[in-house]
Amino acid sequence: MKKEQVVNCQFSVWYPIFKKHTIKSLILPLPQNVIDYLLDDGTLVVSGSDHNTQQTNTNSDSDAEEDIQWSDDETTTTVTAPEFPEFTSKVQEAINALGGGVFPKLNWSAPRDANWIALNSSLQCCSLSEIFLLFKSSDFITHDLTQPFLKCSDQDSPDPVINYELVLRKWSELIPGGEFRCFVKENKLIAISQRDYTQYYQHILKQEEQICHAIHEFFSQHIQYNFPDEDFVFDVYRDSQGRVWLIDLNAFGEVTDSLLFSWEELTSGGIISQQQEGPAFRYTNSEVTVQPSPCLSYRIPRDFVDLSTGEDAYKLIDFLKLTKSQQEESEDEEEEENPPQ
Ligand SMILES: Nc1ncnc2c1ncn2[C@@H]1O[C@H](COP(=O)(O)OP(=O)(O)OP(=O)(O)O)[C@@H](O)[C@H]1O
Ligand SMILES: [Mg+2]
């Protein structure tokens, strides 16, 4: 995978080409001071000041109380979140134009690893402060900002200049069983994988042929030869009427999750030679053990992950054993007092 391919997969490159076939979205340039704020991993302070931009000022007295201020023990002073009045109003205007709820992204990634932090565990945002909370908690967003060209083969060539953008997509309730990832090599659709492989969806098994056919049609009519690269990965959604929509474009390489295929298989040419007609199609069927969700580890506080792998784990086990034996002792005592009838 070359740096050029990563550049081509930015939202602002593919969206104008495939606008008619994807979810309505707006792109706002990200000012440098906002980028600096997102990268500053000091105290997370979320100002509540943009919560009320849509409301009348009837309860302005209580605004100050609504501000959430978190500070960690090492910082003695509480830093106040910087305010970006101009950017905030532009974002709010865009959110309103998209119906009041948006799915936020940067040039490539959404903060999928941070949805646990949102109150409703959803990536749906109605204000810039909600977007900031997700972005500042996401490793995927930090990756976009700090190392977009990781794993590129042409590491010695200078990094292309990136203009960072906030992408706001109209919120759409997508049913996970309707999402598929499609792999294109030399402008040929070689493989399709169920996107959410952690679940078994009976309808996929029943409609395997229709799904594969619909996606292939969509590819040859709208996608093939229209993208600047000949190798890429695109994600689609097949809605309840059988209509196919483009959801995202990704680089053809290891930075993109190959789901039910391996990158070895996808790049070696084996899949193409096996499939004379149409792409290879893989989905989770009932016989396959259902996989744990790949984002599971992001939901557990770091200390707990460390605890389960590090030396402290033994202390925890000892503690649990101790508690258990104490519990058993007290149960024994109870049994003596209250013999079974
Ligand atoms: N407009 C939207 N409204 C609601 N949910 C959405 C929307 N767009 C995408 N999603 C959901 O979020 C998931 C991730 O979206 P997307 O592919 O854009 O993020 P990503 O960071 O590029 O992910 P990946 O790293 O897997 O490529 C999608 O699979 C879909 O379930
Ligand atoms: Mg993507």
Side-chain angles (χ1 to χ4, degrees), residues 1 5-15 18-19 21-27 94-95 97-116 118 120-126 130-131 134-135 137-145 147-148 150-151 164-184 192-199 201 215 223 227 229 231-240 244-261 263 266 283 291 293-298:
M1 189 184 65
Q5 287 175 281
V6 176
V7 167
N8 286 335
C9 288
Q10 292 183 93
F11 191 85
S12 54
V13 173
W14 68 259
Y15 183 71
F18 302 115
K19 204 172 169 174
H21 306 288
T22 190
I23 300 167
K24 190 175 177 205
S25 309
L26 292 166
I27 305 168
I95 293 175
L98 291 167
V102 295
F103 176 86
K105 289 190 82 162
L106 281 191
N107 302 43
W108 299 276
S109 303
R112 286 185 300 115
D113 55 333
N115 70 346
W116 58 272
N120 48 0
S121 285
S122 157
L123 296 183
Q124 182 173 13
C125 292
C126 304
E130 289 176 7
I131 297 172
L134 287 171
F135 279 14
S137 319
S138 167
D139 290 347
F140 297 171
I141 292 295
T142 309
H143 167 95
D144 274 20
L145 292 171
Q147 38 184 202
L150 189 77
K151 296 196 184 159
Y164 279 100
E165 58 210 27
L166 172 64
V167 174
L168 302 173
R169 315 206 65 188
K170 187 181 170 62
W171 182 262
S172 321
E173 287 297 338
L174 305 178
I175 301 159
E179 294 188 74
F180 299 91
R181 175 158 283 181
C182 311
F183 301 86
V184 178
I192 303 174
S193 168
Q194 174 182 335
R195 180 101 188 252
D196 171 24
Y197 58 85
T198 64
Q199 299 293 320
Y201 296 100
I215 294 175
I223 309 288
F227 187 64
D229 254 304
D231 298 345
F232 55 96
V233 177
F234 68 101
D235 298 325
V236 293
Y237 181 67
R238 186 168 170 269
D239 69 18
S240 51
V244 179
W245 298 88
L246 180 64
I247 299 296
D248 194 22
L249 257 136
N250 308 285
F252 189 91
E254 275 181 28
V255 281
T256 300
D257 190 342
S258 54
L259 305 178
L260 292 170
F261 294 90
W263 275 111
L266 292 165
Y283 50 91
Q291 304 287 313
S293 166
C295 267
L296 213 53
S297 61
Y298 290 104

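Residues take their numbers from the sequence shown, with the count starting at 1. Order of appearance sets the numbers: ligands from 1, and atoms from 1 within every ligand.
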Inset, instruction - Take D113 and S138 through the side chain to side chain donor-acceptor pair (under 3.5 Å) test and state the conclusion after the steps. - result: CA-CA 6 Å; D113 55 333; S138 167; 2.6 Å; yes
Inset, instruction - With rounding to the nearest 0.5 Å, note down the distance linking CG in L145 to CG in N107. - result: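 Rounded to the nearest 0.5 Å, the CG-CG separation comes to 8.0 Å.
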Inset, instruction - Working to the nearest 0.5 Å, report the span between OH of Y15 and CG of D248. - result: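 Those atoms lie 13.0 Å apart.
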Polar side-chain atom of [X] near backbone of [Y] as donor-acceptor pair, under 3.5 Å:
| X | Y | value |
| --- | --- | --- |
| R181 | T256 | no |
| W171 | G99 | no |
| D235 | I247 | no |
| Y201 | P176 | no |

Inset, instruction - Look at the rings of F261 and F183 and say which category their plane angle falls in: under 30° parallel, 30 to 60° tilted, over 60° perpendicular. - result: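 Plane angle over 60°, so perpendicular.
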So what's ligand 1 close to, N/O to N/O, under 3.5 Å?
unit_1   : atom_1 : unit_2 : atom_2 : d
ligand 1 : 1 (N)  : K170   : O      : 2.9
ligand 1 : 3 (N)  : S172   : N      : 2.9
ligand 1 : 3 (N)  : S172   : O      : 3.2
ligand 1 : 17 (O) : R195   : NH2    : 3.2
ligand 1 : 17 (O) : D248   : OD2    : 3.4
ligand 1 : 18 (O) : K105   : NZ     : 2.8
ligand 1 : 21 (O) : A110   : N      : 2.8
ligand 1 : 22 (O) : K105   : NZ     : 3.1
ligand 1 : 22 (O) : W108   : O      : 3.3
ligand 1 : 22 (O) : D248   : OD2    : 2.7
ligand 1 : 23 (O) : R112   : NE     : 3.2
ligand 1 : 23 (O) : R195   : NH2    : 3.4
ligand 1 : 25 (O) : R112   : NH2    : 3.1
ligand 1 : 26 (O) : R112   : NH2    : 3.4
ligand 1 : 26 (O) : R181   : NH2    : 3.0
ligand 1 : 26 (O) : R195   : NH2    : 2.7
ligand 1 : 27 (O) : R181   : NH2    : 3.1
ligand 1 : 27 (O) : N250   : OD1    : 3.0
ligand 1 : 29 (O) : E179   : OE1    : 2.4
ligand 1 : 29 (O) : R195   : NH1    : 2.9
ligand 1 : 31 (O) : E179   : OE1    : 3.1
ligand 1 : 31 (O) : E179   : OE2    : 2.7

Legend entry - Criterion ring-ring contact (aromatic ring centres under 6.0 Å, His included) on W263 and F252, from CA distance to verdict: CA-CA 9 Å; W263 275 111; F252 189 91; 4.9 Å; yes
Legend entry - Residue and atom names of protein N/O/S atoms that fall under 2.8 Å from the Mg ion (ligand 2):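 You should have found D248 OD2, N250 OD1.
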